[in-house]
S.K.: 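Can you keep this structure in mind? I'll have questions shortly.
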Amino acid sequence: MDAQTRHHPHAHRERTTARPEKVQEVETLRAWLGSAAAAILTDYRGLNVGELAQLRSKLRETGTSYKVVKNTLLARAAQALGIEGLAPYLEGPTAVAVNPDDPVAPARVLSEFIRTMRKLEIKAAYVEGRVMTADQVKALAELPAKPQMRAMALGAVQAPLVALVGVLSAVPRNLVYALSQIQKQKEAA
C-alpha cells in the first residue's frame with residue numbers, strides 16, 4: 001500500500017468504482033449529447049436564479065433544453081461518445097444548451113441573451129459531429145433558421161425544375177406548331 005492510500009483509505013475504492021448516481025448521470029449526459037444536433041457549452045457565472053429561468057424559458061421555446069452540468073461528468077460522457085476537443089472548455093461553471101434538431105436556434109437565443117444581459121459567455125459547442133469555438137458559435141447564430149434554410153434550398157431546387165418544365169412543355173407546343181405549318185404548306189402546294 002502506498003503512502004497516499006494509507007492516508008486516504010477510500011481513495012483506491014473511488015478510483016475503481018464510481019457511485020451509481022454518477023454512472024447514471026454520465027449515461028444521461030451521454031444520451032443527451034448523443035441525440036443533439038447542437039450542444040452549446042456556456043459559462044453562466046453572474047446570472048441569478050431569475051435570469052437563468054428567463055434564459056431556460058427562451059431556449060425552451062426553440063425546443064432547446066438548458067442544464068447545469070459537472071465538468072468531469074460531461075467529459076466522461078463526451079469520451080464515451082468519442083467526442084474529442086471539449087476538454088479545454090470544461091473549466092469553471094458549465095451549463096449546456098442542447099437542441100435535438102436545430103443547431104442555429106440555441107446559438108441565436110444565447111447570442112441575443114448575451115447581447116441584452118451582458119452576463120453569459122459561450123465557451124464552445126459540439127455541433128453535428130464537430131467541436132466549435134465560441135466565435136464559430138456566434139457565426140452560427142447569424143445563419144438563417146432551419147425552416148428558412150429548407151425553404152431556400154427548396155427554392156434553389158424548384159427554380160431549375162420550373163424552368164425545365166417550361167422547356168419541356170414548349171417542345172410539344174412547338175412541334176404541334178411546326179406540324180401545322182408543314183400541313184398548311186402541303187395544302188397550299
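Only heavy atoms go into these numbers, but all of them, side chains included; no hydrogens, no water, no symmetry mates.
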S.K.: Determine the minimum heavy-atom distance between Asn71 and Gly92, stating which atoms define it.
M.R.: ND2-O, 2.8 Å
S.K.: Does Val49 sit in a hydrophobic cluster with other residues, and if so which ones, taking ILVMFWY side chains as linked at heavy-atom separations under 4.5 Å, directly or through other members?
M.R.: none
S.K.: Does Asp101 reach the main-chain N or O of Ala37 with its side chain, forming a donor-acceptor pair under 3.5 Å?
M.R.: no
S.K.: State, to 0.1 Å, how close Lys123 and Glu91 come at their nearest heavy-atom pair, and which atoms those are.
M.R.: NZ-O, 2.5 Å
S.K.: Could you pull out all residues at least two apart from Ala107 that satisfy side-chain contact (heavy atoms from CB on, under 4.5 Å)?
M.R.: Ile40, Val137, Leu140, Ala141
S.K.: Taking the side chain as C-beta and beyond, is there a heavy-atom pair between Leu110 and Thr42 under 4.5 Å?
M.R.: yes
S.K.: With Val23, which residues qualify under side-chain contact (heavy atoms from CB on, under 4.5 Å), at least two apart?
M.R.: Ala18
S.K.: Is the backbone N or O of Leu59 less than 3.5 Å from a side-chain atom of Thr62, with the two atoms forming a donor-acceptor pair by type?
M.R.: yes
S.K.: Which residues satisfy the side chain to side chain donor-acceptor pair (under 3.5 Å) test with Glu21, sequence neighbours excluded?
M.R.: Arg19
S.K.: Among residues at least two apart in sequence or on other chains, which ones pass side chain to side chain donor-acceptor pair (under 3.5 Å) with Gln79?
M.R.: none
S.K.: Please, which pairs that meet salt bridge (Lys or Arg N to Asp or Glu O under 4.0 Å) have at least one residue in residues 59-87, sequence neighbours excluded?
M.R.: Glu25-Lys67
S.K.: Has the side chain of Ser57 got a donor or acceptor atom that lies under 3.5 Å from a matching backbone atom of Ala53?
M.R.: no
S.K.: How far does CG of Leu55 sit from CG of Leu47, to the nearest 0.5 angstrom?
M.R.: 7.0 Å
S.K.: Pairs in or reaching into residues 41-51: which pass salt bridge (Lys or Arg N to Asp or Glu O under 4.0 Å), with residues at least two apart or in two chains?
M.R.: Asp43-Arg45, Glu51-Lys119
S.K.: With sequence neighbours left out, what residues match Glu112 under side chain to side chain donor-acceptor pair (under 3.5 Å)?
M.R.: Arg115
S.K.: Which salt bridge (Lys or Arg N to Asp or Glu O under 4.0 Å) pairs, counting each pair once, include a residue from residues 27-39, with sequence neighbours left out?
M.R.: Glu27-Arg30
S.K.: Output all residues satisfying side chain to side chain donor-acceptor pair (under 3.5 Å) with Ser35, sequence neighbours left out; order by chain, then residue number.
M.R.: none
S.K.: Share the residues that join Leu74 in a hydrophobic cluster, the rule being Ile, Leu, Val, Met, Phe, Trp or Tyr side chains under 4.5 Å apart at the heavy-atom level.
M.R.: Val26, Leu29, Trp32, Leu33, Leu41, Val69, Leu73, Leu81, Ile83, Leu86, Tyr89, Leu90, Val96, Val98, Tyr126, Val131
